[in-house]
Colleague: 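First the structure, then my questions, so here it is.
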Amino acid sequence: MSEIPIDDVTVKVMKEAYETAKKHTKTSDDTIFVAGAFLNVARLLYVEAMGEDNAMHFMKNIVEYTTNVEKPTLH
């Protein structure tokens, strides 16, 4: 395995994903569909890494946090 710190990998993947998104989007509707695709990929990766139940709980917490900023449940 590579000796690259995870922060460097994260930055690289995010830059590549953003460049890919920009290359494939022309309208705001395109952007929404690409963002949805990224969310689905993230969900699949979380399920693969954490298991279905933990990933589902984690994703629900993210949604809760984004819709209830004053009293988020972070655990």
Colleague: How far does CD of E52 sit from NE2 of H57, to the nearest 0.5 angstrom?
Modeller: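 Answer rounded to 0.5 Å: 14.5 Å.
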Colleague: Can you tell me how far the CG atom of L39 sits from the CG atom of L44, to the nearest 0.5 Å?
Modeller: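 The CG atom of L39 sits 11.0 Å away from the CG atom of L44.
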Colleague: Within a 6.0 Å radius of atom OH on Y18, are there more than 12 heavy atoms belonging to other residues, nucleotides or ligands?
Modeller: no
Colleague: Taking a hydrophobic cluster as the set of Ile, Leu, Val, Met, Phe, Trp and Tyr residues connected by side-chain heavy atoms closer than 4.5 Å, whether directly or through intermediates, do M50 and M59 fall within one such cluster?
Modeller: yes
Colleague: I'd like to check T20 versus H24 (side-chain heavy atoms, cut-off strictly below 4.5 Å). Are they in contact?
Modeller: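 They are in side-chain contact.
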Colleague: Should N40 and R43 count as side-chain neighbours, where that means a heavy-atom distance under 4.5 Å?
Modeller: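 A side-chain contact under 4.5 Å exists here.
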Colleague: Measure the OG1-CD1 distance between T27 and I32 for me, rounded to the nearest 0.5 Å.
Modeller: 8.5 Å
Colleague: List the steps and the verdict of side chain to side chain contact (heavy atoms under 4.5 Å, CB included) for K60 and V63.
Modeller: CA-CA 5 Å; K60 283 181 178 180; V63 171; 5.7 Å; no
Colleague: Hey, could you give me the CE/CZ distance between M14 and F38, rounded to the nearest 0.5 Å?
Modeller: 10.5 Å
Colleague: Identify the heavy atoms of A21 and V34 that sit nearest to each other, and give their distance.
Modeller: CB-CG1, 3.7 Å
Colleague: Got D7 and V11 here, is their nearest side-chain heavy-atom distance under 4.5 Å?
Modeller: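 Answer no - side chains too far apart.
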Colleague: Measure the spacing between NZ of K22 and CG of D30 and express it to the nearest 0.5 Å.
Modeller: 11.0 Å
